[in-house]
Amino acid sequence: MIDKVLCYSCSKSKNQLNVKKSSLISINLLLCETCISSKFEPRWVVILAGRQYGAELVKDVILKKRYLGKEISASELLV
Ligand SMILES: [Zn+2]
């Protein structure tokens, strides 16, 4: 057992985290209920997906602000 598992999205330690497949890239994420119900993707996943597959894919997530943290700028999506 790992005793301190943090939610990939909000980085908070929660009693229960769920494995959820990212809607952007094919990886499994550990997310808390709050982030799952808000349809949040971790910020780094949004950036990674944008760099890998283009800004078009992540545009919606960015416009609807379905991530936590500092705003993702266009330059961050460029490699
Ligand atoms: Zn969370």
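Worth knowing before you read on, the calculation uses all heavy atoms, side chains too, and leaves out hydrogens, waters and symmetry mates. Note that the coordinates shown come from a computational prediction; the quantities given were computed from them, not determined experimentally.
- Other residues, nucleotides and ligands place no more than 12 heavy atoms under 6.0 Å from the NZ atom of K59.
- Under a 4.5 Å side-chain heavy-atom criterion applied to ILVMFWY residues, the cluster that includes L68 comprises F40 as well.
- Put simply, CG on L48 and CD on Q52 are 5.0 Å apart, with the number rounded to the nearest 0.5 Å.
- Rounding to the nearest 0.5 Å gives a distance of 10.0 Å between CG of D60 and CG of L24.
- For the atom pair CD1 of I62 and CG of L77, the computed distance is 4.5 Å after rounding to the nearest 0.5 Å.
- Taking both residues in full, the closest heavy atoms of C32 and C7 are given as N-SG, 3.4 Å, listed atom of the first, atom of the second, then distance.
- V5 and V19 fall within a single hydrophobic cluster, where Ile, Leu, Val, Met, Phe, Trp and Tyr are joined by side-chain heavy atoms under 4.5 Å apart, directly or via other members.
- Hydrophobic clustering keeps L6 apart from L17 (ILVMFWY residues linked when any side-chain heavy atoms are closer than 4.5 Å, directly or through intermediates).
- The minimum heavy-atom distance between V46 and Y67, with the atom names listed, is CG2-CB, 4.2 Å.
- For the pair S37 (side chain) and T34 (backbone), a donor-acceptor distance under 3.5 Å is present.
- With contacts defined as side-chain heavy-atom distances shorter than 4.5 Å, the pair P42/L31 qualifies.
- With sequence neighbours excluded, the residues that form a side-chain contact (heavy atoms from CB on, under 4.5 Å) with N18 are Q16, E33, I36.
- Side-chain heavy atoms closer than 4.5 Å link hydrophobic residues (I, L, V, M, F, W, Y) into clusters, and following such links, even through other members, never connects L63 to V58.
- More than 12 heavy atoms of other residues, nucleotides or ligands sit less than 6.0 Å from atom CG of N28.
- I27 CD1 to K21 NZ: the interatomic distance, rounded to the nearest 0.5 Å, is 9.5 Å.
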Please assess R66 against S38 for the test side chain to side chain contact (heavy atoms under 4.5 Å, CB included), listing each intermediate value before the final yes or no. CA-CA 7 Å; R66 292 216 310 261; S38 313; over 6 Å; no
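- Atom OH of residue Y53 and atom CD1 of residue I25 lie 6.5 Å apart, to the nearest 0.5 angstrom.
- Counting only residues at least two apart or in different chains, side chain to side chain donor-acceptor pair (under 3.5 Å) contacts with residues 39-51 comprise S22-E41, S23-E41, R43-E76.
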